[in-house]
Amino acid sequence: MLTAFARAFRTPDLRKKLLFTLAIIVVYRVGTHIPIPGVDYKAVQQCMDEASANQGLFGLVNMFSGGALLQITIFALGIMPYITASIILQLLTVVIPRLEALKKEGQAGTAKITQYTRYLTVALAILQGTGLVATARSGALFSGCPVAGQIVPDQAIFTTITMVICMTAGTAVVMWLGELITDRGIGNGMSILMFISIAATFPSALWAIKKQGTLAGGWIEFGTVILVGLVMVALVVFVEQAQRRIPVQYAKRMIGRRSYGGTSTYIPLKVNQAGVIPVIFASSLLYIPALVAQFAGGKSGWKTWVEQNLTKGDHPIYITMYFLLIVFFAFFYVAISFNPEEVADNMKKYGGFIPGIRAGRPTAEYLSYVLNRITWPGSLYLGLIALVPTMALVGFGASQNFPFGGTSILIIVGVGLETVKQIESQLQQRNYEGFLR
């Protein structure tokens, strides 16, 4: 990986792209520290200092925003509205025929879906910004902080609207910065911003583990956490690269005097075909009951049960439901993102077949069988990756949203591997020697 970056810096045009990407990252990180109008910055910092390691319901979103959410800055919502909008559009593509037709139109249809994603991102940013401002005004953003109710001193309607507009505009700017990296940088812009947001929380979280440690001044706990993180990263890299290759043979066809086809290739089916999406879905779904209970008044039985069982990451009921939801969403997302019938029809159209399997329906059934077989270990792997760091680090006082948790490791490793592949592909394009030397 380091060799690829060194070679990229020695290539003039790639060096410009890398420096441009770094400049955008600097702008993004600066924006995560600029508070929006109407917020008492001193009260926010006091509550941040008094907050425990567990950031409660907002910990996941705060991690994706690089710590900007709890500081209520202009980039407080971060990249989450865009991620949510992208997932919603991807799910709706299976349900709405119009979106499915656009997806099949190629680049023009993809551009139209991207435009819809932008509109939905702005709508979600308005909704989430309004919820964040209402939470900050009520003092529920920092439960237990004595000055939590003073974070927004002026609760006039004009101030509230201004705060929501600022956060919505910040989300639009973040989306624009990500597209700039995709167009003029090294590519994969939204994923890189997500990578930077998560990586930015590493130093403070690691130092908190060291300060809370008791063995050798906390250095033993610090070293153990680093070791556990490296082991988890190595495991994730190993599984993320694993794939089942389905061989495909294309029949030779004679068109006029020319011969076409006769080549062999394969369909790569990854063990973790769903990526990090099931973990995000499961986390978000488990946050809904706790969020409803937080804003519900009184002391009803269901509210007490939710507060006792679904708000602590190390509770057995929470762990069990989290694991089962990850397995369910892994199968659900694979089912809607990979269509065996469509793959089989495309293979049949171009004269392709799997050796030993008839083209058409038998090919689709075979692909479905193989996909279900490899999704089981993939879903179990996702569940273990999401839970093992939490259970291992709870003894060191880490929160359930510690950076070496399942979600952050999967995103960082996945984005890192994809970025290195893109840099290597661009290097290969500029240094291709061809067949003649």
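Side chains included, hydrogens not; waters and symmetry mates left out as well; all remaining heavy atoms used. None of the values given here were measured: they were computed from a predicted structure. Residue indices begin at 1 and follow the sequence shown.
Between Ser86 and Thr117 the shortest heavy-atom distance is OG-CG2, 3.7 Å. Smallest separation of non-hydrogen atoms from Ala136 and Ile72: CB-CD1, 3.9 Å. The minimum heavy-atom distance between Tyr28 and Ser197, with the atom names listed, is OH-OG, 2.5 Å. In plain terms, the two heavy atoms of Gln90 and Ser337 that are nearest each other are NE2-CB, 4.4 Å. Taking all atoms of both residues into account, the shortest heavy-atom contact from Leu382 to Ile326 is CB-CG2, 3.7 Å. Scanning both residues, Cys166 and Pro37, for their nearest heavy atoms gives SG-CD, 3.6 Å.
Once rounded to the nearest 0.5 Å, the distance linking CG of Leu19 with OG1 of Thr21 reads 8.5 Å. Distance CD1/Ile24 to OG1/Thr182: 11.0 Å, rounded to 0.5 Å. The structure places OH of Tyr366 at 12.0 Å from CG of Leu371, a figure rounded to the nearest 0.5 Å. Here the NZ atom belonging to Lys270 is positioned 10.5 Å from the CD1 atom belonging to Ile374, to the nearest 0.5 angstrom. The CE atom of Met175 sits 6.5 Å away from the CE atom of Met190 when rounded to the nearest 0.5 Å. Note that CG of Leu367 and CD1 of Ile357 are 9.0 Å apart. Values are rounded to the nearest 0.5 Å.
Within a 6.0 Å sphere centred on CZ of Arg15, heavy atoms belonging to other residues, nucleotides or ligands number more than 12. Counting non-hydrogen atoms of neighbouring residues, nucleotides and ligands closer than 6.0 angstrom, the CD atom of Gln115 exceeds 12 such neighbours.
Residues Arg244 and Tyr266 are not in side-chain contact: their nearest non-hydrogen atoms beyond the backbone lie 4.5 Å or more apart. Between Val370 and Arg373 there is no side-chain heavy-atom pair separated by less than 4.5 Å. Annotation: side chain of Phe20 is not in contact with side chain of Ile186 (no heavy-atom distance under 4.5 Å). Contact check for Met167 versus Thr73: no side-chain heavy atoms found under the 4.5 Å cut-off. In this structure the side chain of Thr160 reaches within 4.5 angstrom of the side chain of Arg137, judged on heavy atoms. Side-chain atoms of Thr419 and Phe195, non-hydrogen and from C-beta on, never get closer than 4.5 Å to each other. You'll find the side chain of Val122 stays beyond 4.5 Å of the side chain of Tyr82, heavy atoms only. Val30 has its side chain out of reach of Thr32: every pair of non-hydrogen atoms, C-beta onward, lies at least 4.5 Å apart.
Ring-plane geometry between Phe329 and Phe332 is classed as perpendicular, the angle between the planes exceeding 60 degrees on a 0 to 90 degree scale with a lower cut at 30. Under the 30°/60° scheme for interplanar angles, the aromatic rings of Tyr333 and Phe281 are found to stand perpendicular.
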Worked verdict on Thr93 versus Glu100 for side chain to side chain donor-acceptor pair (under 3.5 Å): CA-CA 5 Å; Thr93 302; Glu100 187 176 1; over 6 Å; no
Stepwise side-chain contact (heavy atoms from CB on, under 4.5 Å) check, Ile83 with Met194: CA-CA 10 Å; Ile83 296 174; Met194 192 192 310; 3.1 Å; yes
Residue pair Phe75, Ile34: steps toward the side-chain contact (heavy atoms from CB on, under 4.5 Å) verdict: CA-CA 8 Å; Phe75 290 167; Ile34 302 177; over 6 Å; no
Derivation and outcome, side-chain contact (heavy atoms from CB on, under 4.5 Å), residues Glu105 and Thr110: CA-CA 8 Å; Glu105 288 182 4; Thr110 303; over 6 Å; no
Audit row: Tyr250, Ser264, side-chain contact (heavy atoms from CB on, under 4.5 Å) steps and yes/no: CA-CA 6 Å; Tyr250 285 92; Ser264 299; over 6 Å; no
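The pair Arg118-Glu179 meets the salt-bridge criterion, with a side-chain N (NZ, NE, NH1 or NH2) lying under 4.0 Å from an Asp/Glu carboxylate O.
Side-chain contact of Glu365 with Tyr369: a donor-acceptor pair under 3.5 Å is absent, judged by distance alone. A side-chain donor from one of Asn272 and Glu240 sits under 3.5 Å from a side-chain acceptor of the other. A donor-acceptor pair shorter than 3.5 Å cannot be found between the side chains of Thr375 and Asn372. Inspection of the Thr363 and Arg358 side chains reveals no N or O donor paired with an N or O acceptor under 3.5 Å.
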